[in-house]
Amino acid sequence: MEVFKNGKNFAIAIRNVKGTDFQKRVWSEICKIEIGNVLTYQDIARNIGQPKSARAVANACGKNPYLEIIPCHRVIRSDGKLGGYSGKGGVERKKELLKSEGLKFNNDLKLILN
DNA sequence: CTTGGGCGGTAAA
DNA sequence: TTTACCGCCCAAG
């Protein structure tokens, strides 16, 4: 059994999750991102000890089975652009989610740092 | 801005 | 066991 925490500090136990070890490591790492924060795919890769696996991390995000729990929208590209979003609404939805968490973007969908 | 090479995990063939 | 596919990254031009 894996234990995930989201940004609101709810602990959520998930049994019989369907996915590979790699995917679970990625997902649990994503759950650590707090509201208003973002990490890059590369950051996640580094945090799980596989700095060269940024692309694979993106794959795992896309297969996230718990869209409502795991904040995969808080993962963006290392150049500050949004990247993709496989949930309903696509990147536009991703952008709105992040804006509602207090982040801002320029017209190139690029994150504006404070 | 574009391109081209490199990359790793996964599902399907 | 290969292949094809990607929500990526980086260096050059």
Side-chain angles (χ1 to χ4, degrees):
Chain A
M1 166 168 75
E2 287 270 340
V3 175
F4 294 91
K5 288 187 176 182
N6 68 11
K8 292 178 180 173
N9 272 344
F10 291 123
I12 299 158
I14 300 175
R15 306 169 182 279
N16 304 324
V17 290
K18 181 170 169 127
T20 66
D21 277 4
F22 179 84
Q23 288 167 337
K24 292 175 188 173
R25 275 188 287 144
V26 170
W27 295 333
S28 53
E29 200 61 31
I30 292 175
C31 286
K32 295 178 185 170
I33 309 175
E34 298 189 352
I35 294 176
N37 283 343
V38 289
L39 287 187
T40 67
Y41 296 101
Q42 196 175 219
D43 289 332
I44 304 288
R46 245 189 299 107
N47 289 352
I48 65 176
Q50 302 186 214
K52 294 182 230 175
S53 304
R55 195 167 192 177
V57 167
N59 283 344
C61 289
K63 291 187 174 179
N64 171 7
Y66 302 102
L67 202 54
E68 306 300 321
I69 299 175
I70 302 173
C72 57
H73 64 279
R74 299 195 188 120
V75 189
I76 63 175
R77 304 196 336 185
S78 64
D79 62 4
K81 291 190 208 158
L82 271 184
Y85 188 65
S86 30
K88 185 179 179 182
V91 276
E92 274 307 310
R93 171 71 176 155
K94 183 173 183 177
K95 180 182 169 189
E96 291 308 315
L97 284 170
L98 290 175
K99 280 172 74 177
S100 74
E101 295 182 358
L103 298 177
K104 298 178 181 180
F105 297 85
N106 67 16
N107 37 356
D108 273 342
L109 293 184
K110 210 163 179 178
L111 179 65
I112 298 175
L113 306 167
N114 290 333

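A note on names: the letters A, B, ... follow the listed sequences, proteins ahead of strands, and every chain is numbered from 1.
The residues A:K32 and A:E29 are annotated as salt-bridged, a charged nitrogen and a carboxylate oxygen being separated by less than 4.0 angstrom.
Only A:Y41, A:Q42, listed by number, bring a heavy atom of residues 38-51 of chain A to less than 4.0 angstrom from any atom of DNA chain C. Proximity of residues 88-99 of chain A to DNA chain C (heavy atom under 4.0 angstrom from any strand atom) is restricted to A:K94.
Scored by the side-chain hydrogen bond (donor to acceptor under 3.5 Å, both in side chains) test, A:Q50 finds A:R25, A:S53 as partners (sequence neighbours excluded). By the salt bridge (charged side-chain N to carboxylate O under 4.0 Å, His left out) test, A:R55 is found to be paired with no residue, residues two or more places apart in sequence or in another chain being considered. With sequence neighbours left out, the side-chain hydrogen bond (donor to acceptor under 3.5 Å, both in side chains) criterion links A:E101 to A:H73, A:R74. Checked against side-chain hydrogen bond (donor to acceptor under 3.5 Å, both in side chains), A:N64 has no partners two or more places apart in sequence or in another chain. Under the side chain to side chain contact (heavy atoms under 4.5 Å, CB included) criterion, A:N107 pairs with no residue, sequence neighbours left out. Under the side chain to side chain contact (heavy atoms under 4.5 Å, CB included) criterion, A:K52 pairs with no residue, sequence neighbours left out.
Note on A:N64: nothing from the nucleic acid sits closer than 4.0 angstrom, heavy atoms only. Across all strands shown, A:V75 has heavy atoms under 4.0 Å from base atoms, whether or not it also approaches the sugar-phosphate. The residue A:S86 sits close to a base: some heavy atom pair falls under 4.0 Å.
Of the options A:I33, A:D43, A:I70, A:T40, a side chain to side chain contact (heavy atoms under 4.5 Å, CB included) to A:V75 is made by A:I33 and by none of the others.
For DNA chain C, the contact window with chain A, defined by any atom under 4.0 Å from a protein heavy atom, covers C:dC6 to C:dC10 in 5' to 3' order.
Within the 4.5 Å cutoff, the side chain of A:C61 has heavy atoms near those of the A:Y41 side chain. In this structure the side chain of A:V26 reaches within 4.5 angstrom of the side chain of A:V57, judged on heavy atoms.
Apart from A:L103 itself, the hydrophobic cluster it occupies contains A:V38, A:I76, A:L82, A:L98, A:F105, A:L109, A:L111, A:L113, where clustering links Ile, Leu, Val, Met, Phe, Trp and Tyr at side-chain heavy-atom distances under 4.5 Å.
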- [ ] Convert the base pairs of DNA chain B into dot-bracket notation, remembering that pairs crossing earlier ones are written with [ ] and that bases paired across to another strand are shown as |; include only Watson-Crick or G-U pairs under 3.5 Å.
- [x] ||||||.||||||
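Pairs of residues two or more places apart, or lying in two chains, that qualify as side-chain hydrogen bond (donor to acceptor under 3.5 Å, both in side chains) and include a residue from residues 79-88 of chain A are A:R77-A:D79.
A straight line from CZ of A:F22 to P of B:dG9 spans 6 Å, rounded to a whole angstrom.
Heavy-atom neighbours of A:D21 CG from other residues, nucleotides or ligands within 6.0 Å: at or below the threshold of 12.
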